Amino acid sequence: MSELALLAEGRMELLGMIRGSSNSALLVEVCHEDRSVWAVYKPREGERPLIDFAPGLHRREHAAYLLSEALGWGLVPPTVVREDGPFGVGSLQLFVQHDPLAHYFTLYDEVPESHDALRRIALFDVVANNADRKGGHVLHGVDGKVWGIDHGLCFAAGYKLRTVVWDFGGDPVPEDLLDAVAPLADAVPEQLAGLLTSPEVLALQQRVRRLLERPVLPVDATGRRVPWPLL
């Protein structure tokens with residue numbers, strides 16, 4: 001059974017609450033027969049009301065995973081939507097074993113070999129219109145892989161990019177990354193599009209078309225397009 005299937009079908013057992021999350025985030029163990037994994041469960045009932053995002057951020061968590069997979073980048077841990085969670089419908093994302101002291105800033109400064117992965121995250125956030133890329137939303141897995149998590153505030157129709165990943169601003173988008181995003185200008189995968197509104201789908205395509213016209217990572221000329229807190 002794949003990790004994705006285990007997340008979708010396994011029995012969920014609550015282990016505890018993840019502190020410091022603005023919305024309810026719970027650590028659970030997901031079991032099926034003799035296999036189990038840890039996962040992060042974010043129920044819709046635990047979301048704080050927002051002015052600029054409708055309830056149902058769990059769908060955007062799943063949409064971010066689908067976008068990452070459509071691009072072939074594997075940046076977002078396997079994520080599903082479960083209707084039968086302990087507190088109702090919510091997202092369930094594989095827990096990544098990682099270095100708790102590492103984050104975007106330490107990776108950028110101390111692990112130069114991570115820069116290609118960080119650049120992909122920068123481009124991913126432009127395409128997804130991520131409004132909340134904190135430094136702590138970039139994980140360094142124990143396997144050495146760089147992961148991006150916490151994508152509930154993505155895919156808005158209006159421009160909302162807020163991120164700490166501005167170090168690559170002004171750099172040309174590498175050709176292989178541009179080739180990966182280019183198909184989205186013509187069509188968004190059906191499963192991904194089904195999680196978004198029609199204006200959000202059109203806006204995603206428009207962001208990709210702008211990248212194709214000017215393949216350069218954006219610069220924050222205002223100095224204010226960062227989330228708070230930074231971590």
Side-chain angles (χ1 to χ4, degrees), residues 17-27 40-68 75-77 79-83 85-93 103-105 121-139 147-166 169 181 184 188-189 191-211 217-231:
M17 180 172 287
I18 298 174
R19 295 191 300 174
S21 177
S22 56
N23 295 302
S24 293
L26 305 165
L27 184 65
V40 178
Y41 166 52
K42 295 184 177 180
R44 182 177 62 189
E45 290 301 314
E47 296 175 5
R48 293 188 307 166
L50 298 172
I51 295 174
D52 49 352
F53 282 89
L57 303 184
H58 63 285
R59 293 195 299 272
R60 299 176 188 274
E61 295 275 6
H62 184 41
Y65 167 71
L66 294 176
L67 175 60
S68 172
L75 292 174
V76 180
T79 308
V80 301
V81 171
R82 288 286 294 261
E83 301 285 342
F87 297 104
V89 62
S91 61
L92 191 63
Q93 184 173 89
H103 46 73
Y104 169 72
F105 299 106
I121 286 179
L123 181 57
F124 179 88
D125 287 347
V126 173
V127 174
N129 198 19
N130 192 350
D132 191 37
R133 175 66 74 193
K134 296 181 174 69
H137 296 172
V138 178
L139 305 182
W147 297 90
I149 62 167
D150 281 354
H151 296 101
L153 301 185
C154 287
F155 300 108
Y159 184 65
K160 292 184 180 294
L161 184 63
R162 289 192 296 270
T163 174
V164 299
V165 189
W166 291 110
V181 304
L184 296 172
V188 174
Q191 191 178 2
L192 170 57
L195 295 166
L196 308 175
T197 66
S198 294
E200 287 169 346
V201 172
L202 290 174
L204 189 158
Q205 292 183 285
Q206 289 168 355
R207 291 192 294 273
V208 172
R209 289 169 187 149
R210 284 195 292 269
L211 281 167
L217 288 167
V219 174
D220 177 20
T222 70
R224 296 191 295 269
R225 286 197 167 276
V226 293
W228 191 259
L230 297 178
L231 288 177

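Values in this document were obtained by computation on a predicted structure and should not be read as measured data.
- Remark: side-chain polar atoms of R207 are paired, donor with acceptor, to backbone N or O of V127 under 3.5 angstrom.
- Contacts of H103 classified as side chain to side chain contact (heavy atoms under 4.5 Å, CB included), with partners at least two apart in sequence or in another chain: F105, T106, L231.
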Practice prompt. List the steps and the verdict of side-chain contact (heavy atoms from CB on, under 4.5 Å) for L153 and L50.
Written response: CA-CA 10 Å; L153 301 185; L50 298 172; 3.6 Å; yes
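- For residues 152-162, the set of pairs meeting the side-chain hydrogen bond (donor to acceptor under 3.5 Å, both in side chains) definition, not counting sequence neighbours, comprises D52-K160.
- Put simply, the residue from Y65, F53, F124 that forms a ring-ring contact (aromatic ring centres under 6.0 Å, His included) with H151 is F124.
- Shown here for L196 and A63, the closest heavy-atom pair between the two residues is CD2-CB, 4.3 Å.
- Nearest heavy atom pair, residue A203 against residue A156, reads CB-O, 4.5 Å.
- H62 is not listed as a side-chain neighbour of S91, based on a closest heavy-atom distance of 4.5 Å or more.
- Counting all heavy atoms, side chain and backbone alike, F87 lies closest to E45 at O-CG, 3.7 Å.
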Practice prompt. Would you sort out whether F155 and L67 count as a side-chain contact (heavy atoms from CB on, under 4.5 Å), showing the intermediate values?
Written response: CA-CA 11 Å; F155 300 108; L67 175 60; 3.9 Å; yes
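- Of all the heavy atoms in P218 and L161, the pair that sits closest is CG-CD2, 4.2 Å.
- Under a 3.5 Å cut-off, the side chain of H58 and the backbone N or O of P43 do not form any donor-acceptor pair.
- Counting only heavy atoms from C-beta outward, the side chains of R133 and V138 approach each other to under 4.5 Å.
- D220 is not listed as a side-chain neighbour of T163, based on a closest heavy-atom distance of 4.5 Å or more.
- Counting only heavy atoms from C-beta outward, the side chains of L184 and L204 approach each other to under 4.5 Å.
- Between L66 atom CG and T79 atom OG1 the span is 8.5 Å, to the nearest 0.5 Å.
- Shown here are the side chain to side chain contact (heavy atoms under 4.5 Å, CB included) partners of N23, two or more places apart in sequence or in another chain: E47, R48, L57.
- Of all non-hydrogen atoms in E200 and A157, the two that sit nearest each other are CG-N, 3.8 Å.
- In this structure, Y104 and W166 approach most closely via the heavy-atom pair OH-N, 4.5 Å.
- Contact of the I121 side chain with the H137 side chain is not registered, since no non-hydrogen atoms from C-beta on lie closer than 4.5 Å.
- Two residues are said to be in side-chain contact when any heavy atoms from C-beta on lie closer than 4.5 Å; C154 and D125 fail this criterion.
- Of the possible polar contacts, none joining the E83 side chain to the V89 backbone as a donor-acceptor pair under 3.5 Å is found.
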